[in-house]
Protein chains: 2
Amino acid sequence: MTDDLFSLDLPGVTPSRQSRSRETMEALLKAGEQLLRTRHLEDLSIVDLTAEVGVTVGSFYGRFESKDAYFNALQVIAIRRGQARYVALRASGALAQTDLAELCRLLAEHAAGWFREHEGVARAALRHSSRPERWSAFKELGRVFVVVSTPDMLARLGPGRRAAKTRTVGFAFQAMFGILVNIVLNDPGPCGLDDADLVPRLAALVEAIVRVEADGAAPDGRGRSPRARRAAKA
Amino acid sequence: MTDDLFSLDLPGVTPSRQSRSRETMEALLKAGEQLLRTRHLEDLSIVDLTAEVGVTVGSFYGRFESKDAYFNALQVIAIRRGQARYVALRASGALAQTDLAELCRLLAEHAAGWFREHEGVARAALRHSSRPERWSAFKELGRVFVVVSTPDMLARLGPGRRAAKTRTVGFAFQAMFGILVNIVLNDPGPCGLDDADLVPRLAALVEAIVRVEADGAAPDGRGRSPRARRAAKA
DNA sequence: GCTGTATGATAATCATAATTCGAATTCTAT
DNA sequence: ATAGAATTCGAATTATGATTATCATACAGC
């Protein structure tokens, strides 16, 4: 977390011209990240937030145009960290020389790690998904993850039936993210975000899903619904 | 949906003494179920809701003590239908004479069907999870599903290592519900709620997860985190 | 140390949507 | 048909919390 990702000027965030206000801004963002781990965005009033940091609403609005802009900043930070994390993983070359099992483990580790690190903001964004740009920004982060990781997976699944395999890999990631989203939102058990077996299980699950496809046995009724197919064509 | 599940007196719901008000009540509940498929609970104002039905706020408050009680009623209805659905499935005897694959398919079909039928209310409840009793009521529904279905699964996984298998079965269901929750909330793709391959894929996934366990190869680092273990002991 | 700008504090203001309440209407039972 | 209860109406009230406005204080450059 030694990031200056806090910096950069975001829409609705007034760039600070003195270090004083920059500290205020960072403190507000950090406090929000923390407070959102235990409460809803709606339950986090500006007064509460500023009180936590030891300033008042005036300073808040000196930095952020609105609560909305504030939360948006929190999201952007979480997304940037996610991107940086993924880029670092790939740059490390760790993915290159691995078999399917290890690749799955590394990707699962990555995803779970991000959710652990951004549990509060992620949950808040999930709750507001489909509102303006809430979760969709994270969705995009996930989309990139899938698009970029899929070739790595395919390379380990032998030749042929590219389309089918691609969809199955997509579903495997959908499963992985689904589990993580549900944990963050509802912690349904048996596996929690901090359980030691979460990542191995996620990895095993992804591997198992794609192996079934690679081995030829595809599920019945494959493909999209007629409705969805029609929509995609249009 | 020819249910009189609408009836029964719920906390915060004033029992109607004339059919007139009962119709109003049912219309309000049905309209809510429908409207929540496309909008957030917060975006559903009492005025909107009553306008949809052709009554006014007065009648709403004649039936429901509050918006909260109203939404609670919607949840209870969804839960009762889920229970009834599951009881019917078991009573039909369909589960009894099946192999593992078919059992998984039936359970996946059941779960996906419920989410399809209650997409709106489910999504709204998910968004408010951890608030008073929002999602937790559904969580309980899922818990019962898991507890009751687990023996059926175990019976098809050979003898021995009961505890490990039970946890794995739990994780398989966690995966299934996680995917469904995420679809309802974010529709991340590739599989949507109405896609023909969703249920087969869910079934295959559940089967694959538990088969790996049955075949002996268990994921590393199994079990809960030290923190969770400590908490469980206390 | 001064002066202009940036930041912070505090007390209004505003917006929104839930909720209330008394009057008007419709029903049920006699 | 009519009294009394149930229901409905809808304008007025409230509650909440975001936002704004104004004034006070702190900083940076000279």
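A, B, ... follow the sequence lines: proteins, then strands. Residue 1 opens every chain.
Within 4.0 Å (heavy atoms only), A:Gly58 reaches at least one base atom of the nucleic acid. At the heavy-atom level, B:Ser45 lies under 4.0 Å from the strands shown only through sugar-phosphate atoms. B:Val47 comes within 4.0 angstrom of nothing in the nucleic acid, heavy atoms only.
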Donor-acceptor contacts under 3.5 Å from residues 44-51 of chain B side chains, at least two apart:
residue	atom	partner	partner atom	Å
B:Ser45	OG	B:Asp48	N	3.1
B:Ser45	OG	B:Asp48	OD1	3.4
B:Asp48	OD2	B:Arg39	NH1	3.0
B:Thr50	OG1	B:Ile46	O	2.9
B:Thr50	OG1	B:Val47	O	2.9

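With sequence neighbours excluded, the residues that form a side-chain contact (heavy atoms from CB on, under 4.5 Å) with B:Ala175 are A:Ile179, A:Leu205, B:Leu205, B:Ile209. Scored by the side-chain contact (heavy atoms from CB on, under 4.5 Å) test, B:Ser149 finds B:Tyr86, B:Leu107, B:Phe145, B:Phe173 as partners (sequence neighbours excluded). Residues satisfying the side-chain contact (heavy atoms from CB on, under 4.5 Å) test with B:Glu119, not counting sequence neighbours, are B:Arg37, B:Arg123, B:Val184, B:Leu193.
Rounding to whole angstrom units, CD1 of residue A:Ile46 and P of C:dT10 are separated by 17 Å. With rounding to whole Å, B:Leu44 atom CG is found 11 Å from C:dA17 atom P. The CG atom of B:Leu49 sits 17 Å away from the C1' atom of C:dT16 (whole-angstrom rounding). Counting to the nearest Å, the P atom of C:dA17 and the CD atom of B:Glu42 are 11 Å from each other. The interatomic distance linking A:Tyr61 (OH) with C:dA11 (P) rounds to 17 Å, in whole Å.
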- Determine, stepwise, if the pair B:Lys30 / B:Glu52 fulfils salt bridge (Lys or Arg N to Asp or Glu O under 4.0 Å). CA-CA 11 Å; B:Lys30 276 187 181 145; B:Glu52 182 74 19; over 6 Å; no
- Message: Would B:Arg201 and B:Asp195 count as a salt bridge (Lys or Arg N to Asp or Glu O under 4.0 Å) here? Give the steps.
- Response: CA-CA 10 Å; B:Arg201 282 187 191 278; B:Asp195 287 355; over 6 Å; no
- Item | Step-by-step salt bridge (Lys or Arg N to Asp or Glu O under 4.0 Å) determination, B:Arg143 to B:Glu140 | CA-CA 5 Å; B:Arg143 200 190 60 75; B:Glu140 173 63 12; 3.0 Å; yes
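Heavy-atom nearest nucleotides on DNA chain C were determined for A:Val55 and for B:Phe60, and the one closer to the 5' end corresponds to A:Val55. When each of B:Ser19 and A:Thr14 is assigned the nucleotide of DNA chain C bearing its nearest heavy atom, the one mapping closer to the 5' terminus is A:Thr14.
Ring centers of A:Trp114 and A:Phe177: at least 6.0 Å apart, outside the cut-off.
A donor-acceptor pair shorter than 3.5 Å can be found between the side chains of B:Glu42 and B:His128.
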Please list, pair by pair, any protein nitrogen or oxygen found under 3.5 Å from a nitrogen or oxygen in nucleotides 1-6 of chain C.
residue	atom	partner	partner atom	Å
C:dA6	OP1	A:Arg17	NH1	2.2
C:dA6	O4'	A:Gln18	NE2	3.2

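Note that the first and last nucleotides of DNA chain D, 5' to 3', having any atom under 4.0 angstrom from a heavy atom of chain B are D:dA6 to D:dA11.
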